[in-house]
Amino acid sequence: MAPLPISSIRVGKIDDVQELIKSKPNKVPERFIREANERGVLVSHKTHLHHHIPVVDLSKLSKPHTDDDFLFEILKLSQACEDWGFFQVINHGIEVGVVEDIEKVAKEFFEMPLEEKKKYPMEPGTVQGYGQAFIFSEDQKLDWCNMFALGVHPPSIRNPKLWPSKPARFSENLEGYSKEIRKLCKRLLKYIAISLDLKEERFEEMFGEAVQAVRMNYYPPCSRPDLVMGLSPHSDGSALTVLQQSKNSCVGLQILKDNTWVPVLPLPNALVINIGDTVEVLTNGKYKSVEHRAVTNRERERLTIVTFYAPNYEVKIEPMGELVDDETNPCKYRSYNHGDYSYHYVSNKLQGKKSLDFAKILN
Ligand SMILES: COC(=O)C(/C=C/C1=C(C)CCCC1(C)C)=C/O[C@H]1C=C(C)C(=O)O1
Ligand SMILES: O=C(O)CCC(=O)C(=O)O
Ligand SMILES: [Fe+2]
């Protein structure tokens, strides 16, 4: 995937939000203030008490496939993927230490002085390094967020100059964490295949050497959370996304369900999983890549560690034959190369589900 021609992109001045709140804690610069219809209206949790994303217990999916617990949990998984595009997993088997270690170095990274973080800049038109991604013009609004993103696997997508030397254990912890998350993604894709009545290895065989990238999102508190957006509404371009919210995280992630922004309430030791655009295409729209966004909090910071797991760039993506029926369920997406979709995704601003227009067959 070739980088965009940097010289042609003028992004204007991008203020670092952590620095902004240090110097003027109560000021929100104009470039962060959203139009009234784009603001992250704060939703009371109480109004959503009966409206939570499903929780899938992975320990039940380790049981024999004929066991009632297994069958019940697979059904829950398939309903989650169809109706929500999101679920949380508990009892996922990743050691608490691994989860804590990545959180620790991510936090330490964002807490370093700006000069140190600037050694790993996200250049305009690229998606790796420290800064704000998906900014393509001088008048584009900015998110109330600092990001640090890295390609992890295969090694060919890595930019070693962007892997920080500080905090000391950053790379070691990220390697360990990424191995565990990769195993989890492979496992989840097996269960997703089973839930679709496909052969367990269907996705693994199709994906080849899967692409894996990580993005750490740091949302400092904002004196006017009602005016800004933590992360603009978007769907993920991946096949699956795994999102870790820092311990005792406040609510920030919201997903669009039936035209309402529903908050995702963090559960201790759980990971949030969402279906990306690639699985939506492969399942011909049966499993949904759902639009989501992050809002900020007046008092509290929030840190999330997000892994994008996707097929190799060489892989041809199209709805799987088993999920298409010319009469009852016609093909909704064209075929394309995943590398081309990745390029398209990262060359456009985050704008709801617009990226997927790339693949939609319009009638
Ligand atoms: C800021 O980056 C992203 O939000 C992002 C980028 C991921 C990537 C890298 C950081 C390194 C190179 C590979 C890749 C493009 C995956 C989002 O990733 C989504 C978008 C696509 C497409 C995808 O597979 O995950
Ligand atoms: O930080 C969050 O809650 C959302 C992050 C997200 O959606 C992403 O990084 O793609
Ligand atoms: Fe996302």
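Indexing begins at 1, ligand by ligand and atom by atom, following the structure's order. Just so you know, these numbers come straight off a predicted model, no measurement behind them. Residues take their numbers from the sequence shown, with the count starting at 1.
- Regarding atom 5 (C) of ligand 1, its nearest protein heavy-atom neighbour is Phe308 CE1, 3.9 Å.
- What sits closest to atom 4 (C) of ligand 2 on the protein, heavy atoms only, is Leu243 CD1, 3.6 Å.
- For ligand 1, the atoms closer than 4.0 angstrom to any heavy atom of Gly151 are 11 (C).
- Of all the heavy atoms of His292, the ones lying under 4.0 Å from any atom of ligand 2 belong exclusively to the side chain.
- Scanning all protein heavy atoms for the shortest distance to atom 3 (O) of ligand 2 gives Arg302 NH2, 2.8 Å.
- Not a single heavy atom of Tyr309 sits less than 4.0 Å from an atom of ligand 1.
- Among all protein heavy atoms, the one lying closest to atom 13 (C) of ligand 1 is Tyr313 OH, 3.0 Å.
- A cation-pi contact, defined as under 6.0 Å to the ring centre and within 45° of the axis, is absent between Lys288 and Trp84.
- At a 4.0 Å heavy-atom cut-off, ligand 2 does not touch Arg293 at all.
- Ring orientation note: the planes of Phe134 and Tyr345 are nearly perpendicular, at an angle over 60° on the 30°/60° scale.
- Taking the six-membered ring where the residue is Trp, Tyr341 and His338 present tilted rings, their angle falling between 30° and 60°.
- In the vicinity of Gln128, heavy-atom distances shorter than 4.0 Å reach the ligand 1 atoms 10 (C), 11 (C), 12 (C).
- Atoms of ligand 1 lying under 4.0 Å from any heavy atom of Ala310, numbered from 1 in the order shown and given with element: 24 (O).
- Contact annotation: for Leu231 versus ligand 2, heavy atoms closer than 4.0 Å belong to the side chain alone.
- For an aromatic pair to be called close, the ring centres must be under 6.0 Å apart, and Tyr343 with Phe358 fails this.
- For the Fe ion (ligand 3), the neighbouring protein N/O/S atoms at less than 2.8 Å, given as residue and atom, are His234 NE2, Asp236 OD1, His292 NE2.
- Remark: minimum distance from atom 4 (O) of ligand 1 to any protein heavy atom is reached at Arg215 NH1, 1.9 Å.
- Considering only non-hydrogen protein atoms, atom 7 (C) of ligand 1 sits nearest to Ala213 CB, 3.7 Å.
- A salt bridge is defined here as a Lys NZ or Arg NE, NH1 or NH2 lying under 4.0 Å from an Asp or Glu carboxylate O, and Asp340 with Lys316 fails to meet this definition.
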